[in-house]
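Remarks on the structure that follows.
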Amino acid sequence: MKIPICLIGEDSLALAALKQQLDKDAAFSVEGRAYAYGDAFEGLRNKSGPIIAVIDLNQDPQRAFGIAEEIKFKLPSVRLIMTSNSGAPDTILRAMRSGAEEFLPQPFNWPEVLNSFEAIRRKIDNHAPRTAERGHIVAVSSNKGGVGSTTIATNLASSLAGQRKSVCLVDLVLQFGSVTSFLNIEASYTILDLAKNLKRIDPLFLDGSLVKHASGVRVLAEPFYAEDARRITPADIDETLDVLAQSFDFVVVDTPKEFDDMLTVVLDKANLILFVTEMDVPSLKSAHRAFEMFERMGIYEKKIRLILNRHVKSKLMTLESVEKALGARVFWTLPNNYPVAIAAVNQGLSIQECDPRSDIAKSYSGLCAAVLNVFATPGVARREEREETGAGLFGRWMPVRGLIKE
Ligand SMILES: Nc1ncnc2c1ncn2[C@@H]1O[C@H](COP(=O)(O)OP(=O)(O)OP(=O)(O)O)[C@@H](O)[C@H]1O
Ligand SMILES: [Mg+2]
């Protein structure tokens, strides 16, 4: 069967030349007309089966990357190739991060172009999965210490396991991670062993590298020695997450608070980023700065969800004012319940196991359902909510101080 190819780009002579060339190849059938950027998603959404989309970045690279991200997130059967007259490393990197499996610099080098299409054709024939077809990677992230990232990562993981999902919880706080102490488990192997043996990984080895918690969650622990964190590279993390995502329904990642190359890899790979903050001015200011940074990094805004931890109703600062200040809807609020949170940690239990009837345990069940719902209707529901507020996640900002009512 010929593999269909769609072209996306505006007034692109390069795409016209590409079509002419590919029309000679019996393995592919190129659609007659290229989609304008604005029509591409709708056009592709109505197609079924494997398809290759070629996006020409030249007209408006930022817009093209946005479309690519949307396709990557919502249309798993589309395989992306990008092309540009800029072969700058930045452009290539951004293309790969936006989901491109191949990058074709212009002017085209025809033998290389055909090799790229052939490589994707082989992947389609072998049913090799594209990122979105595998388990979901959920990164729990914050740029401020102590806001509850580890609590949320561990309890979301155990709630997902309670819903019969296979879950791996990864401690990427490589220097002083705390997932194993939160769950009172002892690891025999760590992420260092896994990352350094990726070439000889098999299901048995993988299983042996993880430690099982009573909730059913498998944990990939941080290295035993903080100084070993340096031995793990962003490329190791990239591959480790790939391997885990092929074996589990969910890979929940507790991430470090500092932004570096490793965190960039995790945020790029994540299908969902739960960004945690608390309802006080310093935390919200930090959140504000993190969102600005996500925007500069080109992180796909529709995969970010805001969680307010330790939420206490206050007349001084309302949820609405927080949403206005951050330009984002609050996805979930978790109540402040220190006695239960700390009792769970001290016993190595999930909050659910520790006190299932508490407000916080119920809230975690709700969070778990909401996360499952995100993947049932990828990206759609939340986008509409944002449109109601009139402010995208990276849209209009208000000064954070301004949200305190005088
Ligand atoms: N909803 C909550 N109500 C009350 N206490 C909570 C809640 N969530 C977390 N805590 C408590 O807050 C403290 C900090 O939580 P946690 O360690 O999960 O934060 P963190 O962001 O991972 O911190 P770090 O920056 O050290 O990694 C812990 O003592 C935890 O038990
Ligand atoms: Mg932590």
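Every number for a ligand or one of its atoms is a count from 1 in the order of the listing.
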Asp236 side chain to Thr233 side chain, donor-acceptor N/O pair below 3.5 angstrom: yes
CA sep, side-chain torsions, deciding dist, call: Asp90, Arg94, salt bridge (Lys or Arg N to Asp or Glu O under 4.0 Å): CA-CA 6 Å; Asp90 272 7; Arg94 183 74 203 278; over 6 Å; no
Do Ser215 and Ser350 get their side chains close enough for a donor-acceptor pair, meaning under 3.5 Å? no
Side chains of Ser321 and Thr318: is there a donor and an acceptor less than 3.5 Å apart? yes
For ligand 1, list the protein residues that place a heavy atom within a distance below 4.0 Å of one of its atoms, sorted by chain and number. Gly145, Gly146, Val147, Gly148, Ser149, Thr150, Thr151, Phe182, Lys257, Asn309, Arg310, Pro335, Asn336, Asn337, Tyr338, Ala341, Ile342, Ile360
Check this for me: does any side-chain nitrogen of one of Lys123 and Glu102 sit under 4.0 Å from a carboxylate oxygen of the other? no
Looking at Ser358 and Asp355, would you say the former's side chain and the latter's main chain have a donor-acceptor pair under 3.5 Å? yes
Distance-only donor-acceptor check, side chains Lys47 and Ser77, under 3.5 Å: no
Residues Arg289, Glu292; criterion salt bridge (Lys or Arg N to Asp or Glu O under 4.0 Å); working and verdict: CA-CA 5 Å; Arg289 296 186 67 194; Glu292 286 177 322; 5.6 Å; no
Any donor-acceptor N or O pair under 3.5 Å, side chains Ser209, Asp193: no
Under 2.8 Å from the Mg ion (ligand 2), the protein N, O or S atoms, given as residue and atom: Thr150 OG1
